[in-house]
Amino acid sequence: MKLRRALPAAALLPALLAISACSGESADSGEKQPKASASAKSTPGAPSAADKAAAEAERIGAMAPQTLEKATLSGTKNGFEIKEVAKADVEAGRDMKADKAECQPLASLVGGFTHIPAVSVEHRSLEPTEAKNATIGSMWLASHSAKNAQKVMADLRTSVEECPGGFKTLGLAYTSIESVKAPALGDESLGYRITNVIGKQSVTMTYTVVRADGVVAVFYGVNMLTPKNSALPEPIVKAQLEQLG
């Protein structure tokens, strides 16, 4: 099965990638922030997208994009190889819309973003270094003002409670949403399990979401052998929070 190789190649649309492998910003400003990119074109003399994002972060008291990048894990850590995700794969999940308004916070996380636009986001894929570990997944950090980060968490909790039957987005069905225990880390945390159904096959994913001041850290894992053990291990979550400082 090629799941271990295929899934970590992208942080987005995890269930679709898993099935394929096995079968063969800030709301404070009132609008979405421009995407920071080294290759972004700008008018001569005008601030770049990266400069605008940095200025917005300073305005609302969020972690700056460059600081967030440096504070995001990479390399080998706690039994996982952590790699950056290609920008094209990241952007593929932006603006995913749920067919039910109450489920939108969950749909946004499926796409790799928070439903309240962040100043900046860093994505990483996680692949186990030991053959006996069947859990693979992704993580991303979203930089917000403290106020918006708190709202992201509150809205997610409400969404898990009000959307147990799931939702549809991009022709994919997500069902059986239930709360699970999350590690008591950061300023607050929550966990939930969600199942993606494609045709007659299903993939169960476990999400762990932790807030540290204005940063919302999202971790999701998939374990095709033992779905209930699909949460990324606590040491990874703890290591990331420690690096945030």
Side-chain angles (χ1 to χ4, degrees), residues 7-12 14 25-29 31-42 46-78 80-95 108-109 111-127 136-150 152-153 185-187 189 207-221 232 235-245:
L7 186 57
L12 310 171
E25 49 162 3
S26 164
D28 296 53
S29 63
E31 58 182 308
K32 294 183 180 180
Q33 297 305 306
K35 304 164 191 174
S37 171
S39 61
K41 296 180 180 179
S42 59
S48 67
D51 289 339
K52 290 180 179 179
E56 177 65 6
E58 183 176 3
R59 185 184 76 82
I60 65 175
M63 182 175 287
Q66 289 187 336
T67 304
L68 184 69
E69 181 180 9
K70 292 179 180 178
T72 305
L73 290 178
S74 61
T76 302
K77 194 79 173 178
N78 295 100
F80 285 87
E81 185 176 3
I82 305 170
K83 301 179 180 179
E84 290 189 29
V85 179
K87 292 295 183 182
D89 292 330
V90 169
E91 291 303 318
R94 190 184 290 274
D95 299 325
S108 294
L109 282 201
F113 294 88
T114 50
H115 65 291
I116 297 176
V119 171
S120 61
V121 185
E122 286 291 328
H123 291 81
R124 299 290 186 270
S125 65
L126 290 93
E127 181 175 3
I136 57 179
S138 295
M139 72 177 202
W140 52 95
L141 306 185
S143 176
H144 291 275
S145 65
K147 179 181 177 181
N148 273 3
Q150 291 168 8
V152 166
M153 298 297 288
L185 297 171
D187 295 310
S189 62
Y207 281 77
T208 300
V209 188
V210 182
R211 180 180 69 83
D213 194 16
V215 175
V216 176
V218 183
F219 305 81
Y220 98 80
L232 288 176
I236 278 288
V237 180
K238 188 174 182 180
Q240 177 56 78
L241 293 178
E242 289 176 347
Q243 183 146 325
L244 278 174

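Side chains are part of it too, since the values below use all heavy atoms of this structure and drop only hydrogens, waters and symmetry mates.
Applying the salt bridge (charged side-chain N to carboxylate O under 4.0 Å, His left out) criterion to Asp51, with sequence neighbours excluded, gives no partner residue. Among residues two or more places apart in sequence or in another chain, the side-chain contact (heavy atoms from CB on, under 4.5 Å) test is passed with Glu58 by none. With sequence neighbours excluded, the residues satisfying side-chain contact (heavy atoms from CB on, under 4.5 Å) with Ala239 are Leu73, Lys77, Asn78. Remark: Glu81 engages Lys83 in a salt bridge (charged side-chain N to carboxylate O under 4.0 Å, His left out) (not counting sequence neighbours). Residues passing the side-chain contact (heavy atoms from CB on, under 4.5 Å) test with Thr114, sequence neighbours excluded: Leu109, Ala118, Ala142, His144, Val152, Val216.
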For this session: List the steps and the verdict of side-chain contact (heavy atoms from CB on, under 4.5 Å) for Leu232 and Phe80.
Result: CA-CA 10 Å; Leu232 288 176; Phe80 285 87; 4.1 Å; yes

Run the side-chain contact (heavy atoms from CB on, under 4.5 Å) test on Leu141 and Leu244 for me, step by step, so that the C-alpha distance in whole Å, both residues' side-chain angles and the decisive distance to 0.1 Å come before the verdict.
CA-CA 10 Å; Leu141 306 185; Leu244 278 174; 4.1 Å; yes

List the steps and the verdict of side-chain contact (heavy atoms from CB on, under 4.5 Å) for Thr72 and Met139.
CA-CA 10 Å; Thr72 305; Met139 72 177 202; 3.9 Å; yes

Please list every donor-acceptor pair under 3.5 Å in which a side-chain atom of residues 63-70 meets a protein atom from a residue at least two apart or in another chain.
none

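Residues Ser74 and Arg124 are in side-chain contact: their nearest non-hydrogen atoms beyond the backbone lie under 4.5 Å apart. Put simply, the side chain of Phe113 does not reach to within 4.5 Å of the side chain of Asp95, judged on heavy atoms. By the 4.5 Å heavy-atom criterion applied to side chains, Met153 and Asp187 are not counted as neighbours.
Between the side chain of Arg211 and the main chain of Asp213, a donor-acceptor pair closer than 3.5 Å is present.
Atom CG of residue Leu126 and atom CD of residue Gln240 lie 9.5 Å apart, to the nearest 0.5 angstrom. The CG atom of Leu185 sits 5.5 Å away from atom CG of Leu241, with the distance rounded to the nearest 0.5 Å.
When all heavy atoms of Val210 and Ser189 are compared, the pair lying nearest together is CG2-CB, 3.9 Å. Taking all atoms of both residues into account, the shortest heavy-atom contact from Ser143 to Ala62 is OG-CB, 3.5 Å.
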